[in-house]
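Below is one structure, written out as structure tokens; comments come after it.
The figures here come from the full heavy-atom set of this structure, side chains too, leaving out hydrogens, waters and symmetry mates.
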Amino acid sequence: MNSTDSEPLDYLVVGGGPAGLQLGQLLQAAGHGYRILESGQAPGTFFRTFPRHRKLISINKVHNGTDDPELNLRMDWNSLLSPDDRLLFTRYSKRYFPHADDLVRYLADFAEAFKLDIAYDTRAVRIRRDDDGFTVTDQHGQAHHARRLVMATGLTRPNTPDIPGIETAEDYSVVSVDPEDFTDRRVLIIGKGNSALETADNLVETAAVIHVAGPHSVRMAWNSHYVGHLRAVNNNFLDTYQLKSQNALLDGNVLSIEKDPDGMYRVRFSFSRADEVVKELRYDRVIVCTGFRFDAAVFDPGCRPALVIDDRFAALSPAYESVNVPGLYFAGTLMQQRDFKKSTGGFIHGFRYAVRALGRILDERHHDRPWPYRPLDTSPSALADAVVARVNRSSALWQQFGVIGDLIVAPPGEPARYHEEVPVAYARESQLTENGDYFTVTLEYGPDHDKVDPFDITVRRTAQNSVDDAFDAAYLHPVIRHHGGGELLGTHHMAENLENHWDHPDVHHAPLAEFFAGAQARRPSPAGR
């Protein structure tokens with residue numbers, strides 16, 4: 001069926017990047033009518049340009065000492081999920097930080113392998129609501145119709161700060177990446193994220209002076225555990241700053257940028273850590289590396305999604321649906337609004353699982369297909385067995401820590417139902433938990449894990465395999481929560497372990513079985529529901 005026919009498709013997916021392909025494969029496997037609209041001539045248009053210096057920061061660890069495909073996905077941050085084990089990114093590159101061109105090649109092969117329904121050279125220029133769903137008009141004037149719409153475009157507009165004169169500066173998306181073009185020049189880079197420091201690192205050998213400026217402190221991914229913060233592979237510039245080689249981090253705000261007739265820039269800068277002292281600085285080049293935002297301009301006013309986080313993202317419900325436009329869903333890096341700068345929803349290794357969850361949510365909501373589950377004996381030992389088996393293998397819980405978890409629903413007098421990979425926030429409001437109390441199983445870092453220097457050996461850490469101190473474990477470890485009657489009834493932390501093996505009979509299994517036994521004893525009575 002063509003999306004231009006009078007009968008609309010089940011789904012239109014706008015964007016043929018990793019998220020659009022992942023969702024397309026799932027919709028196709030489920031037998032739904034769908035079409036992916038992609039503005040470029042091939043999948044993954046974004047990655048043909050970005051990152052500008054072509055080194056991905058998504059890791060690609062090929063050798064992990066195991067042939068377990070689920071465990072290997074923990075160290076493979078670029079593969080999409082599929083039933084074809086030949087479609088693994090690890091077959092495309094052996095580099096730990098691979099070249100972006102390899103990802104572009106991989107995405108094209110993925111689309112071809114599944115013969116996904118993709119309309120290339122099809123850019124959405126207008127989106128409107130109609131009586132039976134949505135109509136997307138492309139740049140050729142062709143209309144595409146579907147009952148539901150999924151935006152998988154990613155962040156496509158530069159997130160340009162409101163600074164007088166910033167339009168005279170050069171943007172990360174178009175600035176030259178040839179270091180020779182900056183020989184003996186004074187360069188200001190606005191922004192303190194990976195794009196800014198990647199750009200700075202590229203210029204260390206040729207530029208005379210490099211200043212990297214922004215109002216916020218640099219956050220290191222090794223400290224925060226958020227992989228979008230500054231990664232070690234991009235932090236060489238910090239070494240040049242601390243060891244006095246004419247480079248510097250400027251903490252504060254750019255107040256204005258003015259370009260002189262001779263081409264020099266005069267930049268007024270307010271230093272936050274120097275009593276807001278304002279100083280005028282001069283540069284040959286100014287580069288803006290301040291990230292991207294979602295482009296909502298294509299939506300008619302009647303179906304424009306509400307925006308949050310400085311209008312960079314659409315506001316999403318726990319089902320990844322627009323909070324104000326029913327039937328409008330979001331996939332891919334746009335899903336990170338739900339876990340912004342906390343987990344991995346903005347990256348392939350995180351959102352591939354969120355997209356799979358979205359597929360199950362759509363099945364549940366619109367196609368009368370319940371979330372898959374397996375029945376489980378309700379004895380404490382059997383419940384503990386199931387949890388231990390999952391936390392020791394699952395890649396979804398590992399990657400989407402604290403956001404996606406397993407769900408055990410235990411209706412009174414019935415076998416338990418074990419549902420895998422349910423967004424935790426969605427579980428609380430879905431029909432999955434309507435009857436009976438339930439348990440969520442997640443992997444999480446401990447309280448204030450990002451507040452201490454992870455390399456400071458004077459800071460006390462909870463001993464591994466310490467059952468009594470497990471609640472205070474800073475490192476990633478399993479957390480099981482018992483809910484009933486609309487309340488949190490109990491929480492159990494499994495002791496952290498250096499090798500991430502939570503399977504010791506006395507340290508991990510027995511305390512967990514004891515927790516389940518206690519939960520059954522305190523289960524709310526039916527009259528109290």
Side-chain angles (χ1 to χ4, degrees), residues 10-15 17-20 22-24 26-27 34 36 124 127 129 133-134 136 146-157 159 226-228 291-366 371 396 399-405 407 421-433 440 442:
D10 293 319
Y11 300 96
L12 277 175
V13 180
V14 181
Q22 181 71 85
L23 184 59
L26 293 167
L27 294 174
Y34 77 97
I36 300 169
I127 298 173
R129 289 297 296 258
F134 295 86
V136 178
R147 297 179 181 88
R148 287 163 288 277
L149 180 67
V150 184
M151 298 299 293
T153 57
L155 304 169
T156 57
R157 287 183 58 197
N159 182 45
Y226 170 64
V227 300
F292 300 88
R293 62 174 57 236
F294 172 63
D295 187 0
V298 296
F299 288 89
D300 276 5
C303 65
R304 186 165 295 161
L307 302 179
V308 291
I309 311 177
D310 297 327
D311 291 344
R312 292 184 63 190
F313 296 89
L316 307 185
S317 75
Y320 306 111
E321 184 180 28
S322 167
V323 297
N324 65 307
V325 184
L328 173 60
Y329 292 89
F330 292 80
T333 192
L334 298 172
M335 291 170 143
Q336 69 180 290
Q337 188 273 316
R338 295 293 312 172
D339 63 319
F340 187 59
K341 295 191 176 181
K342 294 179 181 177
S343 193
T344 59
F347 311 89
I348 294 174
H349 66 293
F351 68 60
R352 61 191 177 193
Y353 304 103
V355 172
R356 182 157 66 185
L358 173 61
R360 290 169 176 164
I361 290 169
L362 296 175
D363 274 349
E364 193 176 56
R365 286 184 158 195
H366 305 299
W371 201 288
Q399 305 290 22
Q400 278 278 58
F401 50 88
V403 174
I404 287 180
L407 178 67
E421 300 177 20
V422 183
V424 174
Y426 177 75
R428 289 194 291 264
E429 65 173 34
S430 76
Q431 61 185 16
L432 293 172
T433 57
T440 57
T442 53

- [ ] For residues 325-335, pull every pair meeting salt bridge (charged side-chain N to carboxylate O under 4.0 Å, His left out), keeping only residues two or more places apart or in separate chains.
- [x] none
Open item on the list: Tell me which pairs pass salt bridge (charged side-chain N to carboxylate O under 4.0 Å, His left out) where either residue lies in residues 343-362, with sequence neighbours left out.
Closed with: Arg356-Glu421
Heavy-atom closest contact ([X] atom, [Y] atom, distance):
X	Y	answer
Ala315	Val308	CB-CG1, 3.7 Å
Gly20	Val13	CA-CG1, 3.9 Å
Val298	Ala124	CG1-O, 3.5 Å
Pro305	Phe294	CG-CE2, 4.1 Å
Ile36	Gly24	CD1-CA, 4.0 Å
Asp339	Gly345	OD2-N, 3.0 Å

- [ ] Can you sort out the partners of Arg129 under salt bridge (Lys or Arg N to Asp or Glu O under 4.0 Å), two or more places apart, ordered by chain and number?
- [x] none
Task: Sequence-distant partners of Asp363, salt bridge (Lys or Arg N to Asp or Glu O under 4.0 Å), two or more places apart - done: Arg369
Distance (rounded to the nearest 0.5 Å) between [X] [atom1] and [Y] [atom2]:
X	Y	atom1	atom2	value
Asp10	Leu362	CG	CG	10.0 Å
Gln336	Ile309	CD	CD1	7.5 Å
Tyr11	Leu27	OH	CG	6.5 Å
Leu328	Ile127	CG	CD1	7.5 Å
Met335	Gln400	CE	CD	9.0 Å
Thr433	Gln431	OG1	CD	9.5 Å

In chain order, what residues pass the side-chain contact (heavy atoms from CB on, under 4.5 Å) check against [X], with sequence neighbours excluded?
X	answer
Pro318	Arg338, Ala425, Tyr426, Glu429
Phe292	Phe50, Leu155, Tyr172
Thr442	Val424, Glu444, Val479, Arg481
Lys341	Tyr226, His229

TODO: Among residues two or more places apart or on two chains, list those pairs meeting side chain to side chain donor-acceptor pair (under 3.5 Å) that have a residue in residues 303-323.
DONE: Glu321-Arg365, Ser322-Asn324
Open item on the list: Can you confirm whether or not the ring centre of Phe313 sits under 6.0 Å from the ring centre of Phe330?
Closed with: no
Is there a side-chain contact between [X] and [Y], using heavy atoms and a 4.5 Å cut-off?
X	Y	value
Tyr329	Leu316	no
Val325	Phe134	yes
Ile361	Trp371	yes
Val14	Leu149	yes
Leu12	Val150	no

Partners meeting side-chain hydrogen bond (donor to acceptor under 3.5 Å, both in side chains) with [X] (sequence neighbours left out):
X	answer
Asn159	Arg293
Thr153	none
Gln22	none

- [ ] Give a yes or no answer on whether the side chain of Asp295 reaches the backbone of Ala297 with a donor-acceptor pair at less than 3.5 Å.
- [x] yes
Open item on the list: For Phe347, is there any backbone N or O sitting under 3.5 Å from a side-chain donor or acceptor partner on Thr333?
Closed with: no
